[in-house]
Every structure is written in C-alpha cells, then in structure tokens.
Amino acid sequence: KGSQGGFYQSKEFLDLVKSIGEARSKAEEDRIVLSEIETIKRRISEPDIPKHKMKEYIIRLVYVEMLGHDASFGYIHAVKMIHDDSLLVKRTGYLAVTLFLNEDHDLIILIVNTIQKDLKSDNYLVVCAALNAVCKLINEETIPAVLPQIVELLAHPKEAVRKKAIMALHRFYQKSPSSVSHLVSNFRKRLCDNDPGVMGATLCPLFDLITNDVNSYKDLVISFVSILKQVAERRLPKAYDYHQMPAPFIQIKLLKILALLGSGDKQASENMYTVVGDIFRKCDSSSNIGNAVLYECICCVSSIYPNPKLLESAADAISRFLKSDSHNLKYMGIDALGRLIKISPEIAEQHQLAVIDCLEDPDDTLKRKTFELLYKMTKSTNVEVIVDRMIDYMISINDNHYKTEIASRCVELAEQFAPSNQWFIQTMNKVFEHAGDLVNIKVAHNLMRLIAEGFGEDDDTADSQLRSSAVESYLHILGEPKLPSVFLQVICWVLGEYGTADGKYSASYIAGKLCDVAEAYSNDETVKAYAVTALMKIYAFEIAAGRKVDMLPEVGFQALDYKFIGFSLDRFAATRL
C-alpha cells in the first residue's frame, strides 16, 4: 500500500521526519510542522479512512505534539482507536491517549468503559495496554471503577500483567492512599512471586509504605535480606543482568529499603551485615552501575546501626570514588562521605586532602558539594586550612548569591574554631575585602559584637589582644585604595571604640585616619556617619579621661559637613554607656 520503512509508515511521513531533522532554524521547523497540521486536519476529517492511514495520522500527531505544537483536534480520533478490535490499532490508540491526555481531561469519561472491558480481555497484550492507560489516566474519582479488576489481575497467569497490575496499584496508592489501604497485604504476597520482574515491581510500593510506617514492616527484614542474597549470588535469570551486574536496580531498591528498616534498630541491622558486606566485596567498580550499587551500599551502611567492618568497607569505596578522574564519581564520593561522617567523624580526616582538592575541580556542581562537606568537616585542628581554601574558592566565583553564603559560612567557622586572635582578624579581613558589600550586614554587626564582648571566657588579656590586633590590621588596611562599604563601617566602629585603648596610638593619629575615610568616601553617607561617630567617640573618651584635646581642623570640617551634627558628645557618651 505504498508504505516504506520497517514500521509501515508512508514515504510522506518519513520525508516529514527528514525535513524537520534538516531544518536550519526553529522558524523553519515551525513552518514545516504547521503545514503538516493543516494537512492532517484536512485528511483526518475525510470519510471512511482506512485503519492503517488513521494509525499513521495519529502517530504523526504524536510527533507534532512532541515538537511543542497543539494537536488537540485529533484527540477524539485517538480515543476512537482504543475501541477498535484490531490489536495494532487499539495499542496505538492507547499509546496516543496516554501521551495526549491527562487524568483530568474531559475525554477521560469516554475511555473508562473501554478500559474496564479490555482489562477482562483474553489477550494479555490488550490487558497490558489497558493497564498502561490506567497508570497514566485514572484519577482519584475513577479508581473504584477499575480497582476490583486490577486486584483480580494480580493472579493473572502472565507475569507482564501481574507486574503492570502491581504498578497500577502503586499508582493508586500515590494518588489516594486510603483507596488501597485495605489491599496492602497484596504487596506482601507478590514479594514472593515466582517472577523476578513482578517481585522487583513490588519493591517500589513497599518502599513507599515502609517510608511512611517502618515499624509495620520490620517482620520483612529477613525476606528482603534473603532476596538480596539470592540476587547477589546470581540466582536470578541472566536476563536481569545489566553490564554483568546481577539485577542491579533490584539490589539498589532493596538496599534503600534495608536502610529504612535498619535505622536505629540494632537487631534488624545485624541481619543485614553479612549480605551488605558480600555486596561490597563482589561489586564491580569498573562500571557505572557497579559504582551505583556501591554508593547505595554506603548510604545503607550510614543509615543502619553502625558496624566497624562495614564502615571500613564504605571508607575504602569512598576513597576510590575521590581518587577517580570522573567528576560523577568524585561527586558520589563527596556525598557519601558527608553521610558517613555523621556516624564516624574520624573518617573525614583520612580523606581531608582529597576533599579539599575537589575545590580545584572545574565542575561547579562538584565544587558546591565539596564546600558543603568541608563546612561539616571543620573543627579546631583543620579550620585554618579549610577556611583559607573556602575563601580562595569564594574569590574565584562570580555568583554573588553563593559568594554571600560562603562568606557567611567562613565567618561562622572562624568565630567557632579560631586558633588565635590574629588569625581570626586576618580571616575576617579577607572575607570583607573579597566579598565586599555582598556580606550580610548582620555579619558585620556580629563581628562588632564579638570584638566588643570578647570570646566570653573571662580572659581580659585575650580580649584586649583581640581588639589591639583588630586596630593594628585595620589601620594597615586603610591604606588600600578602595574598600567595601560594610568593611569600612566595621573599621570605623573598631577604631572609634578601641583605637586609643592600648595607648599605642594617639587620639590625633586615629582621628586623622577617620577624617581620611570620611573624605575619601564622602559620597557614602553610611560610611561617613560611622567615621564621624567614631571621631565623636575618640574625643568623648579623651574628655572623659581628663586629657587635653587638640581638635584637628579636619575634624571640625567633617563634623560641620555631616548632617547629623545634632548628636552631642555628652549624648553619645551616654549612648555608649
């Protein structure tokens, strides 16, 4: 009948696909598709269209919608096709309606009766096509109409039907848990199905059920362990192997389930140790799927009750991931290590250098994941190395939002683990200098408060040293040409509060520096306000101490130029007290 190609499509359709593939622009592609739509609109409305022609028109409309155009005028014809007695036409119709429609579409009411009839068909291919449509198109209101038939199909002699029936019930559970709550026992029964495909499909609804109520499924631990053992020992048919790995997707789902069941449960976890250890030993780390199973093993080990040997195996696997040249494996290693250090923090020390090196990787996603892990790994013994690398990373990126987050984390770690006052001040200076005005103003306020209150250990000497170090470094930094506004606010505040505190610098010297700031940044009202306020503090302290005050000419000029001159020295001194 003039058809060409292995799937009996006309030359006209093949030419359409070819012309779209060769289109040099989106506009050209749109012209071709719109012309195709007009052609099909005209032909599909003709009387007595042969079945094979209608089938092709619907397939062409599927292609049109895939390219982002509207083919809704043909939906009703796809619905009519599922009523056809021809298996090929019916299956094409089901494929089309599942792609065209959603569960709330007005045309759904026209296919429910047909689905009910097809679920009872003697031809299992028809039943499978109907089950596919059930999973996609049956909404909460129409579940009761097909539920009894779906349950009956769990005992169908064909494994493909049983598998799709399980998938349909799982879909119902996701849409409306209450509608299938009385059928949960069916999932347990299908776990023992003779066909591995049906058993594997059953793991998905069981995973959701266990996630919501772990305690009700503790009795299945032995069953899950037994299944995983059989899979690992290659007792399943070769057809379930993938890249020479025995049923890896079933293994991954079982490991996820065991992780839930073993969390915080020593007795349940002890039943899992042997099989998880076997998988660690047998896993082929030379393939992506083997590494995926290894990663899931690590996630399982980090969730269940801790076992030293399994933790060691997990650490070895992580080490291999981190040493790999693959960005993906490094990412998996970083993520897995983040999980493991929650229960075994000492593991992080073994891999600290490898983790830090990941910040040099060109992959941005990997660098972000590494940053999160380094934040969790930081303690007093490694804070200097980690924070310095985090600041280097912050300097290298252009994402202002992320830069702000890194700056905040660096400040937090420096406050918590600083080994010395000098290092703390230097670190804060770097953050403000390179993150600039992206630093949250709260960070500046927290720094001021920390310098004012000290480290809270009743060590006045250490607090005085902290303030002196801050003054010393800020006076040096003021020589740099352009500084961020937030940083200048901190500098002015510190110089105003502690510039003359240790007697090393005179009031005149500090006042001169503050005048330079006010003059250099005269367009920034906030910085100028901080500078003039600091000047008022300096002279207020001198007057309070009974010392003679030699007012610099610049001070008078800056004070007169400042619009908030209404503050008096007496009022400011009272405010500070």
S.K.: Checking Arg389 now: which residues fulfil salt bridge (charged side-chain N to carboxylate O under 4.0 Å, His left out) with it, not counting sequence neighbours?
M.R.: Glu360
S.K.: Who pairs with Phe371 by ring-ring contact (aromatic ring centres under 6.0 Å, His included), at least two apart in sequence or on another chain?
M.R.: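 Applying ring-ring contact (aromatic ring centres under 6.0 Å, His included) to Phe371 gives Tyr402.
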S.K.: Checking Asp364 now: which residues fulfil salt bridge (charged side-chain N to carboxylate O under 4.0 Å, His left out) with it, not counting sequence neighbours?
M.R.: Lys367
S.K.: Restricting to ring-ring contact (aromatic ring centres under 6.0 Å, His included), what partner residues turn up for Phe249, sequence neighbours left out?
M.R.: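 With sequence neighbours excluded, Phe249 shows a ring-ring contact (aromatic ring centres under 6.0 Å, His included) to Tyr242, given in chain and number order.
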S.K.: Name all residues meeting the ring-ring contact (aromatic ring centres under 6.0 Å, His included) criterion together with Tyr75; count only those two or more places apart in sequence or in a different chain, and write none if there are none.
M.R.: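 So Tyr75 forms a ring-ring contact (aromatic ring centres under 6.0 Å, His included) with Phe100, His105.
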S.K.: If you measure only the distance, is there a donor-acceptor pair under 3.5 Å linking the side chains of Ser216 and Asp213?
M.R.: yes
S.K.: Applying side chain to side chain donor-acceptor pair (under 3.5 Å), can you list everything that pairs with Lys266, at least two apart in sequence or on another chain?
M.R.: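 Result, side chain to side chain donor-acceptor pair (under 3.5 Å) vs Lys266: none returned.
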S.K.: Pair up each side-chain donor or acceptor in residues 328-338 with any protein partner under 3.5 Å, not counting sequence neighbours, and list the distances.
M.R.:
residue : atom : partner : partner atom : Å
Asp335  : OD1  : Lys369  : NZ           : 3.0
Asp335  : OD2  : Tyr295  : OH           : 2.4
Asp335  : OD2  : Arg339  : NE           : 3.1

S.K.: Taking only distance into account, with no hydrogens and no angle test, what donor-acceptor pairs under 3.5 Å do side-chain atoms of residues 347-358 form with protein atoms, sequence neighbours excluded?
M.R.:
residue : atom : partner : partner atom : Å
Glu349  : OE2  : Lys379  : NZ           : 2.4
Gln352  : OE1  : Asn382  : ND2          : 3.1

S.K.: Not counting sequence neighbours, which residues clear salt bridge (charged side-chain N to carboxylate O under 4.0 Å, His left out) with Arg60? List them please.
M.R.: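 Salt bridge (charged side-chain N to carboxylate O under 4.0 Å, His left out) check on Arg60 returns Glu12, Glu36, Glu56.
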S.K.: Between atom CE of Met167 and atom CD1 of Ile150, what is the distance when rounded to the nearest 0.5 Å?
M.R.: 11.5 Å
S.K.: Using the test side chain to side chain donor-acceptor pair (under 3.5 Å), find all partners of Lys229 that sit at least two apart in sequence or belong to another chain.
M.R.: Glu233
S.K.: Nearest 0.5 Å please: distance from the CE atom of Met390 over to the OG1 atom of Thr378.
M.R.: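 So the CE of Met390 and the OG1 of Thr378 are separated by 6.0 Å.
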S.K.: Once side chain to side chain donor-acceptor pair (under 3.5 Å) is applied, do any residues pair with Asp15, and if so which ones, sequence neighbours excluded?
M.R.: Lys11
S.K.: Once side chain to side chain contact (heavy atoms under 4.5 Å, CB included) is applied, do any residues pair with Ser285, and if so which ones, sequence neighbours excluded?
M.R.: Asn291, Leu294, Arg320
